[in-house]
J.: 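What follows is a structure written as structure tokens; I'll ask about it next.
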2 protein chains.
Amino acid sequence: MSMGNNYELYKVFYWAAKTGSLTQAAKALFLTQPSVSHAIKQLEDRLGITLFYRNSKGVALTHEGAILYSYIEQSQILISRAEEKMASLKNLESGELRIGGSDSLFKHYLLPYLEGFLQKHPGIRLHLNHGTTPEIIAFLKEGRIDLGVVRMPIVDSQLKVTESIQLQDCFVAGPRFAELKNMVLSFDMLLQYPIILFSRNSRARMAITELFESYGYKLKPEIEVGSVDLLIEFARKGLGISYVTREFVSKELEEGSLFEIQLDVQLPPSHVGIMIMRNMPLSISASRFIELVR
Amino acid sequence: MSMGNNYELYKVFYWAAKTGSLTQAAKALFLTQPSVSHAIKQLEDRLGITLFYRNSKGVALTHEGAILYSYIEQSQILISRAEEKMASLKNLESGELRIGGSDSLFKHYLLPYLEGFLQKHPGIRLHLNHGTTPEIIAFLKEGRIDLGVVRMPIVDSQLKVTESIQLQDCFVAGPRFAELKNMVLSFDMLLQYPIILFSRNSRARMAITELFESYGYKLKPEIEVGSVDLLIEFARKGLGISYVTREFVSKELEEGSLFEIQLDVQLPPSHVGIMIMRNMPLSISASRFIELVR
DNA sequence: TATTTCCCATAGACATGGTCTATAGCTCCT
DNA sequence: AGGAGCTATAGACCATGTCTATGGGAAATA
């Protein structure tokens with residue numbers, strides 16, 4: 001068979017060589033001296049090479065033993081480093097957390113959790129990948145991210161989605177349209193005003209468009225913008241009425257730079273979903289982060 | 001206690017990661033698949049970290065597993081190299097042979113053995129250290145040479161000396177003293193001629209000086225030289241009568257450029273001794289070389 | 001020289017734990 | 001639906017690594 005079959009013997013050899021004493025090696029390894037003696041003898045037998053000179057002071061490497069040691073020492077050091085690294089990963093002293101989602105969810109939903117997590121675990125490197133929901137799902141399946149944060153609903157049998165907080169989309173306007181503040185509008189009335197929508201095929205836009213259609217209306221935006229920030233900004237400047245997530249404009253609503261348009265139809269709420277791969281183990285950092293969010 | 005206690009598990013991990021399959025790893029390690037499965041599970045449990053994604057095609061490293069692998073791979077490669085190196089040492093495909101002795105013994109006694117040994121084992125590097133007998137003994141005790149080749153007798157309890165071939169010292173002269181060729185000389189007569197001796201405190205010189213003294217004569221050389229080659233050369237040139245080892249001038253005796261002086265007293269023979277440290281394991285190359293010489 | 005005190009080696013009992021066979025569950029492919 | 005890959009699990013078994021007890025040798029101590 002192969003010669004030095006049992007790698008445990010190299011560990012014993014390493015400590016015996018390093019300490020120059022079987023007794024010391026035994027202490028380091030939490031073994032007894034005879035065990036170490038036996039292990040060394042066994043390694044020597046398997047290799048067919050005498051590795052140590054024994055005398056009453058201890059042991060010393062033979063020439064061949066010294067050659068072996070030069071390799072084994074490196075090998076053992078690598079294993080030690082590996083174990084240290086694993087410990088640091090486990091304790092979240094190092095590692096990385098890779099999250100996919102939309103910019104707005106990062107900013108308005110995840111930010112406080114991320115702050116807390118990074119403060120508690122400064123060794124963790126954070127990677128945020130933004131994209132559309134299908135892109136995020138693709139990232140997840142490619143293993144490029146540990147978890148995705150998107151709007152529900154998600155239907156994909158490979159994914160496990162846990163519902164998180166509820167969000168309420170709504171129409172908001174700036175002071176320019178102050179006359180609408182205390183009114184309850186119908187879709188009909190709303191469509192008299194310039195509408196600002198998110199430009200991309202976002203889940204929220206598709207949902208609201210469908211809702212209007214189900215009532216027999218066509219929702220055609222005057223302006224399309226590419227970011228949630230611009231949706232807010234344009235509404236504030238009076239360029240139109242923006243369809244936004246209420247929770248994302250809570251500051252503007254409070255300070256009065258925006259107000260919510262009241263409609264005679266209840267707009268459907270949406271939920272944030274946290275997606276992970278079903279049947280795939282979570283990275284340590286990701287599972288800890290999800291605990292934190294929940 | 002410490003986490004990844006059993007280094008055997010890393011070997012299993014290495015092959016599982018390398019082949020991407022527990023079944024393949026089992027084949028490589030001459031184990032069964034359940035054993036590998038169990039070993040991996042155990043390593044994961046001990047580390048507290050999931051190392052592989054399992055699916056019906058096989059296994060794939062998790063992020064953490066990949067980090068572990070980057071260390072373990074190096075470590076395993078080093079062990080493989082170590083085992084290869086040990087095998088090559090054992091087969092005398094590499095290694096070194098360090099011998100101490102006198103120049104003349106190297107040249108006239110060991111040379112043919114060394115030639116044969118090196119031809120058979122071209123990977124072995126030879127180190128020859130010359131010095132006086134006490135120096136050689138010191139080298140041995142310091143571990144700077146594997147074996148020493150010197151004249152007997154040696155008395156040192158730390159050494160194990162095996163007697164090798166017998167050598168006969170004698171006086172030789174060149175054609176200049178041809179008149180002595182068929183004579184049997186007494187010490188008295190011999191001392192009429194210029195004597196050439198080895199200059200250093202060599203064992204042979206001390207022995208012959210003592211012998212003369214035991215017969216009541218004082219052996220005082222006309223010329224002292226520092227090498228055996230010069231002893232021979234000076235005698236050939238007729239500068240005097242040299243005290244040399246007969247076996248070392250066999251060529252000159254045959255071709256007639258030197259002849260042996262016959263004495264009425266039998267000069268004591270000497271033996272070559274091969275010294276090694278008692279109670280210390282021999283290097284592989286040294287023990288094989290000694291077998292060859294014996 | 002006698003004594004103590006370190007070492008390491010050996011013997012034999014014991015139990016841990018690694019390995020096996022058998023089997024089940026899963027996914028993908030035909 | 002069936003087959004052919006995987007991996008996971010259960011439980012029996014025994015090899016081997018570990019222990020205690022002991023012996024012997026060398027070196028320091030007295």
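Values reported hereafter were calculated over all heavy atoms of this structure, with side chains retained and with hydrogens, waters and symmetry mates removed. Labels below follow one simple rule: chain letters A, B, ... track the order of the sequence lines, proteins then strands, and each chain is numbered from 1.
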J.: What's the closest nucleotide to the A/Ser37 side chain, out of C/dG18, C/dC20, C/dT10?
T.: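 Within the option list, the nearest is C/dT10.
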J.: Could you give the CD-to-C1' distance, from A/Gln33 to C/dA11, as a whole number of Å?
T.: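 Rounded to whole Å, this separation is 13 Å.
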J.: Could you check whether any side-chain heavy atom of B/Val149 comes within less than 4.5 Å of a side-chain heavy atom of B/Tyr109, counting everything from C-beta outward?
T.: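 Counting from C-beta outward, B/Val149 and B/Tyr109 do come under 4.5 Å.
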J.: Counting just side-chain N and O atoms, does B/Ser35 come under 4.0 Å of either OP1 or OP2 of C/dC20?
T.: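 Indeed, a polar side-chain atom of B/Ser35 lies that close.
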J.: Output yes when at least one side-chain N/O atom of A/Thr23 is less than 4.0 Å from OP1 or OP2 of C/dC6, else no.
T.: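 So the side chain of A/Thr23 is outside the cut-off, no N or O lying under 4.0 Å from OP1 or OP2 of C/dC6.
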J.: Could you check if a side-chain atom of B/Asp146 sits within less than 4.5 angstrom of a side-chain atom of B/Ile99, using non-hydrogen atoms only?
T.: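 Side chain of B/Asp146 against side chain of B/Ile99, heavy atoms only: no contact under 4.5 Å found.
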J.: When you match B/Pro34 and B/Ala39 each to their closest nucleotide on DNA chain C, which lands nearer the 5' end?
T.: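 The 5'-side residue here is B/Ala39.
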J.: Respond yes when some side-chain nitrogen or oxygen of A/Arg54 is under 4.0 Å from OP1 or OP2 of C/dA9, and no when none is.
T.: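 Yes, because at least one side-chain N or O of A/Arg54 sits under 4.0 Å from OP1 or OP2 of C/dA9.
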J.: Side chains of B/Thr19 and B/Ser21: is there a donor and an acceptor less than 3.5 Å apart?
T.: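 No, B/Ser21 and B/Thr19 have no side-chain donor paired with an acceptor closer than 3.5 Å.
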J.: Reading DNA chain D in the 5' to 3' direction, which nucleotide is the first one with an atom under 4.0 Å from a heavy atom of chain A, and which is the last?
T.: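 Boundary nucleotides touching chain A, in 5' to 3' order, are D/dG17 to D/dA27.
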J.: Atom NZ of B/Lys41 to atom P of C/dG17: distance rounded to whole Å?
T.: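 In whole Å, C/dG17 P lies 17 Å from B/Lys41 NZ.
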J.: Compute whether any side-chain donor of one residue and acceptor of the other, for B/Glu83 and A/Tyr10, lie under 3.5 angstrom apart.
T.: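 On atom types as modelled, these side chains qualify, holding a pair under 3.5 Å.
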J.: Any side-chain donor-acceptor pair under 3.5 Å between B/Ser88 and B/Ser94?
T.: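 B/Ser88 vs B/Ser94: donor-acceptor pair found between side chains.
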J.: Please report, rounded to the nearest Å, how far the P atom of C/dG17 is from the OH atom of B/Tyr7.
T.: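 After rounding, the gap between these two atoms is 17 Å.
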J.: For the pair made of CD in B/Gln42 and C1' in C/dT19, what is the distance, rounded to whole Å?
T.: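 Taking CD of B/Gln42 and C1' of C/dT19, I get 12 Å after rounding.
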